[in-house]
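These numbers come from the heavy atoms of this one structure, side chains and all, not from hydrogens, waters or symmetry mates.
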Protein chains: 2
Amino acid sequence: MSKNKKVSLSQVAKAAGVSKMTASRVLRKEGGYSETTRAKVMAQIDALGYLPNRLATVFAGDQSSTFIGVSIPDLGNEVFAQVLEGIDRKLGTFGYQSVLGLTQHTLAEEEKWIRTVLSWQPAGLILTGRYHSQRAVEMLRNAGIPVVEIWDLNSSPLDVSVGINHFDCGFDMGRYLTSLGYRTIGYVGTSHDTANAATDRLNGFCKAVEGGGGEVVKQLCLHDTATYYPGFYGTEHLLAATGNIECIYYQNDAMAYGGLKYCDAKGLAVPTDIGIAGWGDLPIASVMNRRMTSCHVSHLKLGQRAAEMMMARLTGEPAPDCVDIGFRLIPGSTVRNAGG
Amino acid sequence: MSKNKKVSLSQVAKAAGVSKMTASRVLRKEGGYSETTRAKVMAQIDALGYLPNRLATVFAGDQSSTFIGVSIPDLGNEVFAQVLEGIDRKLGTFGYQSVLGLTQHTLAEEEKWIRTVLSWQPAGLILTGRYHSQRAVEMLRNAGIPVVEIWDLNSSPLDVSVGINHFDCGFDMGRYLTSLGYRTIGYVGTSHDTANAATDRLNGFCKAVEGGGGEVVKQLCLHDTATYYPGFYGTEHLLAATGNIECIYYQNDAMAYGGLKYCDAKGLAVPTDIGIAGWGDLPIASVMNRRMTSCHVSHLKLGQRAAEMMMARLTGEPAPDCVDIGFRLIPGSTVRNAGG
DNA sequence: AAACATTGAGTTACCCGTAACGTTCCGTTA
DNA sequence: TAACGGAACGTTACGGGTAACTCAATGTTT
């Protein structure tokens with residue numbers, strides 16, 4: 001045991017005094033061998049510390065690997081970490097592994113990663129977002145493996161998709177805020193190289209606000225990460241540029257908390273002087289003294305459903321093309337009360 | 001193009017009217033072919049949508065794959081998400097991919113995952129924690145690939161390690177709290193199937209508190225996840241069981257925030273009535289109105305260093321066995337002032 | 001006792017690239 | 001012009017398993 005070189009099946013077979021094929025049968029428990037033979041082979045597997053080489057197995061047949069490529073924009077954003085957790089846990093119960101790809105919200109990174117990960121013959125891919133480069137789409141089609149697009153709901157997915165309708169999220173929040181009487185509203189978010197779910201939310205939001213008689217007077221898209229501090233200074237910029245903002249909608253809760261902090265620091269009372277609304281409902285909300293006006297999505301569940309849909313596609317079970325896991329608007333206490 | 005079946009190099013070669021070997025040479029740019037030939041091969045690669053099969057390459061030579069197995073206890077804990085982000089980003093710059101394994105803080109899960117991931121011939125493994133099952137250690141030794149143990153500093157690692165000394169973290173906090181005059185102190189954390197970094201912190205903490213003339217009168221180890229709400233109800237249990245606690249040390253900041261919330265809810269003033277200290281320094285601290293007494297660690301950097309050490313081991317560059325990335329105690333405002 | 005089924009185990013070919021070596025077909029040079 | 005050298009490309013073998021097939025040694029039936 002404890003050799004430095006890898007132990008192969010034929011070495012095990014030789015040591016056990018049988019052929020490679022017999023050893024293979026024992027390992028796969030497919031029958032066709034005597035108990036004596038089984039014992040001899042197992043003894044040698046143990047003694048030599050043999051570990052099967054799955055590359056060879058995949059290579060031999062047309063059977064695919066147990067890799068699932070999973071692309072995630074970034075893990076600094078807590079919601080994506082939760083999605084990944086849901087995916088990997090569920091995949092694990094089926095004996096599959098995630099091969100991670102952090103795309104940093106760029107299609108170029110995604111395309112590069114797709115090219116690499118496809119060369120490892122994954123069983124399938126789970127991709128965040130419904131926007132992909134033209135070349136990426138071609139490669140995905142050629143690969144002939146299941147693709148689950150998550151996050152954004154996609155009515156015409158490459159293969160199947162699961163997520164929520166971000167336009168509706170934004171729309172509902174826009175309608176809610178205008179129903180409370182807000183008319184002059186600002187937005188603080190970040191921009192990326194392409195349209196994404198945040199863009200969809202903003203579009204839905206603007207539509208509802210305008211439909212409700214309000215106006216999104218200023219949209220600030222920072223070239224930064226969508227986290228706490230950019231929410232802080234983004235709020236400062238927004239308020240400096242536009243005087244009479246009644247309420248601010250943020251790309252997500254992390255930025256909204258940053259905005260809340262800015263207001264606290266400047267003596268602006270929330271929600272008396274200004275309203276604040278975010279998106280995503282972070283876990284920390286359960287221990288904040290003010291409930292953030294936001295939109296709740298079960299990110300863990302989203303990930304789990306994505307993994308389940310992947311497994312359904314791999315086993316050939318019938319499954320819907322498109323699953324909406326829904327969201328729930330959280331009124332919170334960072335905007336004025338109804339009727340205010 | 002757009003075949004359903006995978007396109008192999010020999011198909012490309014045949015289409016281009018050359019041998020497989022020539023096509024291989026063109027792909028690897030190793031020379032020994034004319035410009036005419038190169039153009040013909042490249043044209044067919046494009047036309048057929050050929051993607052190289054890296055499995056076959058690994059299989060052919062003794063060259064290893066570009067997979068790095070990365071085991072992480074859980075992603076619900078923000079700090080581990082940051083570590084993973086640091087690892088994957090850095091690995092990506094070297095053309096390597098992370099194969100994720102969530103161990104849920106159990107050695108049994110870790111062992112199972114190690115067995116599986118080793119069968120895919122990874123180039124190396126990055127493991128969280130320095131405790132592994134006996135069988136896992138045997139497999140790792142037999143595998144003969146680099147192993148980077150992270151998180152806990154390990155003076156005698158399997159191979160190399162990077163992290164911090166958790167005992168010292170706990171010790172410094174214990175010394176700090178006793179220096180502020182705290183004597184009757186409680187602890188709230190979670191328990192797992194084995195010793196881990198949190199255990200080390202607790203041990204260091206107790207040692208310092210006792211050395212400083214104080215006493216850790218109650219250690220509460222919940223069978224739950226180390227997040228916000230368990231911090232909340234754990235605090236309730238702790239205070240119900242023991243009356244005169246002056247200060248509580250928590251396993252991490254998430255639990256500490258939960259505790260802070262409990263105190264707020266019950267009208268206990270922090271730090272006047274009770275002191276609270278955590279560990280890990282979450283990003284949200286930057287927008288909280290009270291600075292949590294905690295311990296700062298650069299988790300992203302930890303992940304990056306781990307990936308760098310892995311690459312150093314793979315390329316054979318000399319590198320230290322053991323890297324301490326250090327920590328910084330954050331006095332915060334959730335404990336009384338010095339001299340109080 | 002001859003014909004046949006069953007069980008256990010070995011043989012061969014193959015999957016897709018690459019290393020190592022072999023073969024043409026030129027152009028130079030003595 | 002024979003001899004040589006190198007560029008360009010082909011052939012073969014290999015790696016670790018598995019499918020499909022073959023074969024030998026039993027046992028079973030009539």
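At a non-hydrogen distance threshold of 4.0 Å, A/R28 from residues 26-40 of chain A come into contact with DNA chain D. In the region residues 11-22 of chain A, proximity to DNA chain C at under 4.0 angstrom, judged on heavy atoms, holds for A/V18, A/S19, A/M21, A/T22.
With hydrogens and angles disregarded, a donor-acceptor distance shorter than 3.5 Å links the side chain of A/E149 to the backbone of A/L158.
For residues 11-26 of chain A, no residue pair satisfies the salt bridge (charged side-chain N to carboxylate O under 4.0 Å, His left out) rule, not counting sequence neighbours. Under the salt bridge (charged side-chain N to carboxylate O under 4.0 Å, His left out) criterion, no residue pair touches residues 91-104 of chain A, with sequence neighbours excluded.
A search for side-chain contact (heavy atoms from CB on, under 4.5 Å) contacts involving B/T116 returns A/Q97, B/W120, not counting sequence neighbours. In terms of the ring pair (Phe, Tyr, Trp, His ring centres under 6.0 Å) criterion, A/H132 has no residue partners (sequence neighbours excluded). Taking B/S71 as the reference, nothing meets the side chain to side chain donor-acceptor pair (under 3.5 Å) condition, with sequence neighbours excluded. Applying the side-chain contact (heavy atoms from CB on, under 4.5 Å) rule to A/N77 yields the partners A/D74, A/V79, A/F80, A/N252; only residues at least two apart in sequence or on another chain are considered. In terms of the salt bridge (charged side-chain N to carboxylate O under 4.0 Å, His left out) criterion, residue partners of A/R89 (sequence neighbours excluded) are, by chain and number, A/E85.
Contact check, B/Y50 against C/dG17: a side-chain N or O comes under 4.0 Å of OP1 or OP2.
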Could you list the donor-acceptor pairs under 3.5 angstrom formed between side-chain atoms of residues 309-319 of chain B and any protein atom two or more places apart in sequence or on another chain?
unit_1, atom_1, unit_2, atom_2, d
B/R313, NE, B/D159, OD1, 3.0
B/R313, NE, B/D159, OD2, 3.1
B/R313, NH2, B/D159, OD1, 3.1
B/R313, NH2, B/D159, OD2, 3.0
B/T315, OG1, B/M311, O, 2.9
B/T315, OG1, B/A312, O, 3.3
B/T315, OG1, B/E317, OE2, 3.2

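End-to-end axis angle of the helix from C/dA1-D/dT30 to C/dA30-D/dT1, using five pairs per end and rounding to 10°, comes to 60°.
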Steps toward side chain to side chain contact (heavy atoms under 4.5 Å, CB included) verdict (A/R54, A/F67): CA-CA 11 Å; A/R54 299 278 269 116; A/F67 293 130; over 6 Å; no
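The CG-C1' distance, from B/N53 to C/dT18, rounds to 13 Å in whole Å. Rounded to whole Å, the distance from CG on B/L55 to C1' on C/dT18 is 15 Å.
When only modelled atom types and interatomic distance are considered, A/R115 and A/S119 share no side-chain donor-acceptor pair under 3.5 Å. Between the side chains of A/E111 and A/S133, at least one donor-acceptor pair of N or O atoms lies under 3.5 Å.
For DNA chain D, the contact window with chain A, defined by any atom under 4.0 Å from a protein heavy atom, covers D/dG16 to D/dA20 in 5' to 3' order.
A salt bridge is defined here as a Lys NZ or Arg NE, NH1 or NH2 lying under 4.0 Å from an Asp or Glu carboxylate O, and A/R305 with A/E308 meets this definition.
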